[in-house]
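The structure appears below as structure tokens.
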Amino acid sequence: MSPTGRLSIDRAKVKTEANLDGKYLLATSDPDLTAEDVALGYKNLLEAERAFRTMKSTLYLRPVYHRLDDRIRAHVLLCWLALLLIRVAERRTDTTWRTIRTELQRLHQVTLAGPAGRLQQTTDTTETQVRIFRDCGVPMPPKMSGLTPAE
């Protein structure tokens, strides 16, 4: 903001920042790696972390900060497994994870309770959901389950 309180653009700062667009700094402790290998490693790491964040948000998990080596290794393994599952689903369905997730989030299971007992019912599946389940080799959820008659 300018001294008068009005918004203004600092053109010198804009030009300085524009010179840095598209550039980033990568660091590694292995001097034998090429710049391309380091960049690819970071790109793969970011993709694995993005996949894991997607999985955690789908499962409503809170952030976890690791300090022990075993937990860090487990976290990396889970990131890799999450990315693997996403890639398998994408390749089998020939669509993006975002599309798969969006479509499957529309599928719900509700519990109906009344004087006769309780029943769990799954919402009607769309053709796209059926195709995703079929292509991934996952059985369709039952329309009704968990029938518990009243006593």
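In this chain, residues are counted from 1 in sequence order.
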Handout entry: Co-membership, hydrophobic cluster, residues Leu107 and Ile86, 4.5 Å side-chain
Key =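 Yes, Leu107 and Ile86 fall within the same hydrophobic cluster.
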Under a single-linkage definition using a 4.5 Å side-chain heavy-atom cutoff for Ile, Leu, Val, Met, Phe, Trp and Tyr, are Val88 and Leu77 assigned to the same hydrophobic cluster?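 In one cluster: yes.
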Problem set entry | Partner residues of Gln120 under the side-chain hydrogen bond (donor to acceptor under 3.5 Å, both in side chains) criterion, sequence neighbours left out |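 Gln120: no side-chain hydrogen bond (donor to acceptor under 3.5 Å, both in side chains) contacts found.
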**Message:** I'd like to check the side chain to side chain contact (heavy atoms under 4.5 Å, CB included) partners of Ile9; sequence neighbours left out, ordered by chain and number.
**Reply:**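 Expected list: Arg11, Val14.
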Under 3.5 Å, is there a donor-acceptor pair between the side chain of [X] and the main chain of [Y]?
{"X": "Arg118", "Y": "Thr111", "answer": "no"}
{"X": "Glu90", "Y": "Trp97", "answer": "yes"}
{"X": "Tyr42", "Y": "Ala27", "answer": "yes"}
{"X": "Gln121", "Y": "Lys143", "answer": "no"}
{"X": "Thr122", "Y": "Gln109", "answer": "no"}
{"X": "Thr102", "Y": "Arg98", "answer": "yes"}

Quick one, Thr126 and Arg106 - any side-chain contact, counting heavy atoms below 4.5 Å?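 No. Closest side-chain heavy atoms not under 4.5 Å.
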So Ile132 and Val130, do their side chains get closer than 4.5 Å, heavy atoms only?
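They are not in side-chain contact.
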Neighbour count above 12 (heavy atom, 6.0 Å) for Arg91 CZ: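 At most 12 heavy atoms, drawn from other residues, nucleotides or ligands, come within 6.0 Å of this atom.
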Exercise. Is Asp10 atom CG crowded by more than 12 heavy atoms from other residues, nucleotides or ligands, each under 6.0 Å away?
Worked result: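 It does: Asp10 CG has more than 12 such atoms within range.
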Q | From Leu26 atom CG to Leu40 atom CG, the distance as rounded to the nearest 0.5 Å | A |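 Atom-to-atom, Leu26:CG and Leu40:CG are 11.0 Å apart.
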Spacing of Cys136 atom SG and Leu104 atom CG [to the nearest 0.5 Å]: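 Cys136 SG to Leu104 CG: 8.0 Å, rounded to 0.5 Å.
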Where do Pro141 and Phe133 come nearest, in terms of heavy atoms and distance?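 Taking every non-hydrogen atom into account, CD-CZ, 3.8 Å.
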Exercise. What are the two closest non-hydrogen atoms of Pro115 and Ala150, and how far apart are they?
Worked result: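 In this case the closest contact between Pro115 and Ala150 is O-CB, 3.1 Å.
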